[in-house]
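These figures come from a predicted structure and were not determined experimentally. Note that ligands are numbered from 1 as they come in the structure, with each ligand's atoms numbered from 1 the same way. The first residue of the sequence shown is numbered 1, and numbering continues consecutively from there.
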Amino acid sequence: MNITFYDFKQLHPAPFLQEIEARFKEILHESSFIEGKYNLQLEKRLCEYLKSKHCRLLANCTDALEIALVAYDVKPGDYVGVTGISFHASAEAIVNVSAIPVLIDVDPITGLMDPQSLSRMIEKFPLKAIIPVHIYGMPAPMAEIEKICRPKNIKIVEDAAQAIGAYFPDGRPVGSGSNLVTFSFYPTKNLGAFGDAGAILSDDEEMIQKVSYIRNHGRSAQGLLHFGRNSRCDHLQAAVLDLKLGDLEHQNDQRKVVAAKYMEKLQNLAVEFPAKNFVRTSSWHLFPMLVPSKEHKIKLRDFLKERGIQSQLFYERALGDEIPMQQYQGEKEQARKFAERVICLPIHPFINEDQINYVVQSIVEFFDHH
Ligand SMILES: *Cc1c(COP(=O)(O)O)cnc(C)c1O
């Protein structure tokens with residue numbers, strides 16, 4: 001049996017592609033390539049869905065992170081905290097604005113930012129901003145993080161690239177609130193374009209105004225007061241995302257069902273589930289599992305591959321151990337241990353019962369011998 005990590009064939013069935021073609025034809029006919037009506041419609045719908053006052057579509061999430069830092073007035077040489085388990089773009093954005101990343105350690109089980117490590121790093125470094133990441137789709141502990149940062153006026157950029165459709169424990173959607181929250185619509189994300197796209201959401205009108213002018217070469221209602229850059233979202237991508245948004249909640253629910261089954265069926269093995277307390281609140285972009293050692297991780301990956309099951313080592317190394325990050329300071333210990341043990345199982349919305357059972361049986365068999 002072959003189980004792929006993503007399944008674009010089922011994600012894009014023929015009736016969906018017909019609707020997309022109709023939209024593309026309409027856009028070509030109107031020659032409305034940039035900032036078209038689907039951009040505005042999608043921004044409005046994302047605000048409603050994520051209970052946020054403002055949304056601006058952008059070219060991708062890495063740009064969104066950089067633009068958020070610039071909007072918060074992060075300057076070259078400023079210190080910006082970032083959590084140790086993430087895709088490396090979270091740190092790349094800091095370096096790209098010539099600021100200095102500081103590694104904040106993670107909770108050993110969830111891989112989310114550890115507020116105690118954050119407090120220690122605030123004592124050591126004059127952090128101007130931090131980037132907590134809702135990694136794998138789990139909400140980071142924002143209530144605790146905000147309690148620490150607000151009195152010191154440390155700005156917060158939430159990296160929600162993997163967390164569209166996730167919720168905080170109080171039921172508030174990730175994407176709501178007054179921080180700048182960044183999303184990615186890279187094709188493999190829960191809401192994916194036919195290329196690159198991203199967004200920033202926030203209730204903070206002043207910051208969103210800044211985001212607006214930065215994304216469009218600095219143009220503002222008062223004319224050109226500052227340079228910006230180009231990070232606009234193509235109309236074609238907005239049309240795709242707007243059409244796909246209607247299916248997102250249902251697809252996230254299907255991911256949840258898969259996750260719950262994996263956890264139930266694998267519970268007696270020597271493994272731990274970072275998102276076990278987030279069944280209802282995660283967007284389940286990924287299904288991370290902690291195995292006893294690095295050796296188990298590599299052997300399990302290869303064993304599954306032989307059986308036709310794709311898994312992913314997200315993330316093979318902690319952010320602080322990636323070559324371009326090794327020069328930067330902070331706390332890296334828990335993230336390192338987490339990265340050594342984590343492997344992600346396939347969890348796209350179209351995995352069926354037989355496939356789940358096949359993955360489970362294969363893992364059980366692996367642990368019979370290891
Ligand atoms: C995908 C991802 C990004 C980068 O998004 P792009 O749209 O590819 O720039 C940033 N952070 C995290 C956590 C991601 O998963």
- Charged N-O contact under 4.0 Å between E43 and R215: yes

- Salt bridge check: are D321 and K332 linked by an N-O gap of less than 4.0 Å? no

- Task: Apply side-chain hydrogen bond (donor to acceptor under 3.5 Å, both in side chains) to D105 and S117, showing your working.
- Result: CA-CA 6 Å; D105 219 345; S117 176; 5.4 Å; no

Identity and separation of the nearest protein heavy atom to [atom]:
| atom | value |
| --- | --- |
| atom 15 (O) of ligand 1 | Q162 NE2, 2.8 Å |
| atom 9 (O) of ligand 1 | T62 OG1, 2.5 Å |
| atom 12 (C) of ligand 1 | A161 CB, 3.4 Å |
| atom 7 (O) of ligand 1 | S184 OG, 2.7 Å |

- Candidate pair E26 and K37, rule salt bridge (Lys or Arg N to Asp or Glu O under 4.0 Å), full reasoning: CA-CA 11 Å; E26 182 191 7; K37 69 174 183 198; 2.4 Å; yes

- Contact (N/O only, under 3.5 Å) between D159 and ligand 1: yes

- Closer than 4.0 angstrom: is that true for some heavy atom of K189 and an atom of ligand 1? yes

- ligand 1 contacted by S86 (non-hydrogen, < 4.0 Å): yes

Residue [X] vicinity, atoms of ligand 1 by number, heavy atom under 4.0 Å:
| X | value |
| --- | --- |
| C61 | 4 (C), 5 (O), 6 (P), 7 (O), 9 (O) |
| N60 | 7 (O), 9 (O) |
| A89 | 4 (C), 10 (C) |
| V133 | 13 (C) |

- Among F273, Y136, F5, which one satisfies ring-ring contact (aromatic ring centres under 6.0 Å, His included) with F287? F273

- Message: Please verify the inter-ring angle class for Y79 with F125; under 30° counts as parallel, over 60° as perpendicular, anything in between as tilted.
- Response: tilted

- Task: Start with the C-alpha distance between F194 and H12, add both sets of side-chain angles, then the distance that settles ring pair (Phe, Tyr, Trp, His ring centres under 6.0 Å), and finish with yes or no.
- Result: CA-CA 10 Å; F194 286 1; H12 302 146; 5.1 Å; yes

- Message: Quick check: closest heavy atoms across P101 and V82, and the distance to 0.1 Å?
- Response: CB-CG1, 4.3 Å

